[in-house]
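So that the names make sense, note that chain A is the first sequence line, chain B the second, and so on, each numbered from 1.
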There are 2 protein chains.
Amino acid sequence: MTDQKEHLVLIFDNLIRMKNECSCSIFSACEISDITVKQINYLKVIDSHDEITFSRLAEITRNSKPTITEMIHKLDRMGCISRKSCPHDGRISYLYLTERGEMIARAEQNALQQVIERLIDSLDCHEIDLLIEILKKVR
Amino acid sequence: MTDQKEHLVLIFDNLIRMKNECSCSIFSACEISDITVKQINYLKVIDSHDEITFSRLAEITRNSKPTITEMIHKLDRMGCISRKSCPHDGRISYLYLTERGEMIARAEQNALQQVIERLIDSLDCHEIDLLIEILKKVR
DNA sequence: TTATAGTTAGGGATGGGCTAACTAATTATT
DNA sequence: AATAATTAGTTAGCCCATCCCTAACTATAA
């Protein structure tokens with residue numbers, strides 16, 4: 001029982017390490033080494049809201065509009081976002097992630113997917129089904 | 001196949017969410033809400049080196065000694081570390097984690113253990129063995 | 001004319017780092 | 001044994017980046 005637990009801890013430690021390696025290589029592929037947690041969070045908010053405006057982003061993140069302007073300029077200089085002005089209202093700009101911004105915003109999720117791909121490659125179809133059945137029971 | 005992958009992603013997403021919840025409750029149990037990533041890293045270094053000195057900590061983290069002095073004072077005020085002067089050499093202080101400091105340094109690891117305990121509780125002995133056998137194959 | 005979207009200017013708190021100069025303790029040298 | 005040199009940690013004073021703000025502005029729309 002204790003032995004099983006230790007065994008599982010080692011196995012999951014290894015899976016977590018694999019996932020970390022994947023996200024690290026995603027970040028280094030983006031050639032952005034000095035991005036901050038806050039900046040990544042802004043990218044995630046932009047990623048999860050289509051055609052978001054400065055004002056809306058300020059609202060969601062509970063910051064002032066000048067704060068957003070500054071942050072967007074920074075993320076723009078890093079090549080993570082682009083903006084397009086609204087054709088119907090010249091005051092409004094919509095924010096979009098660039099390919100690089102999207103990679104960063106989704107790095108963790110993509111790292112998980114890569115680990116699962118490796119997992120699928122290492123197992124046969126029956127084993128995968130079995131794994132799914134077992135892990136589905138965990139509550 | 002694609003279906004299996006999506007299924008596994010959902011399952012692992014859920015496990016990761018569970019682990020995050022565990023580490024969040026560990027941190028809130030420590031009643032430290034404004035600790036930083038850097039501070040946690042210092043705690044981890046202290047945790048992994050027995051009877052570490054200021055100078056050694058400066059060496060390992062590649063910082064100056066004044067930086068270490070300041071950081072240690074901060075972590076001390078947070079109740080995360082204690083120090084004891086060396087009985088044979090009055091210049092030297094050894095650093096130790098308090099119970100709280102240790103909880104923070106090991107939060108991630110303990111969160112993983114809690115998830116695995118839940119996993120073990122949800123499965124019977126045979127299923128656990130099967131799970132171990134399957135996941136051991138992942139490389 | 002008034003309201004709204006975003007910008008600019010200027011400021012400030014906080015975190016986390018530094019060097020130089022110091023004190024106290026230990027070790028080496030004369 | 002006395003003095004000099006070294007070492008551990010501290011203090012003072014500084015710097016810089018991040019991330020936030022308010023007030024005042026411009027341009028556009030209602």
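Using a 4.0 Å heavy-atom criterion, one finds that R83(B) contacts the sugar-phosphate atoms exclusively.
A sub-4.0 Å separation between OP1 or OP2 of dT18(D) and a side-chain N or O of Y42(A) is absent. Residue S93(A) has no polar side-chain atom (N or O) positioned under 4.0 Å from OP1 or OP2 of dA5(C). For the OP1/OP2 pair of dA8(D) and a distance below 4.0 Å, the side-chain nitrogens and oxygens of Y94(B) include no atom meeting the criterion. Within the structure, a side-chain polar atom (N or O) of S64(B) is placed less than 4.0 Å from OP1 or OP2 of dC18(C). Residue T67(B) places none of its side-chain N or O atoms closer than 4.0 Å to OP1 or OP2 of dG16(C). Neither OP1 nor OP2 of dG16(C) sits under 4.0 Å from any side-chain N or O of N63(B).
With hydrogens and angles left out, the side-chain atoms of R83(B) and S93(B) include a donor and acceptor closer than 3.5 Å.
In this structure, E108(B) pairs ionically with K19(B), as a charged nitrogen and a carboxylate oxygen lie closer than 4.0 Å.
Taking every side-chain heavy atom of T69(B) into account, dG9(D) is the closest of dT7(D), dG6(C), dG9(D). Listed nucleotides: dA25(C), dG9(D), dG17(C). Nearest to the side chain of K65(B): dG9(D). With dG6(C), dG17(C), dT22(D) as the candidates, the nucleotide lying closest to the side chain of T53(A) is dG6(C). Of the candidate nucleotides dC19(D), dT7(C), dT26(C), dT7(C) has the atom nearest to the side chain of F54(A).
Between the Q39(A) side chain and the T36(A) main chain, a donor and an acceptor come within less than 3.5 Å of each other.
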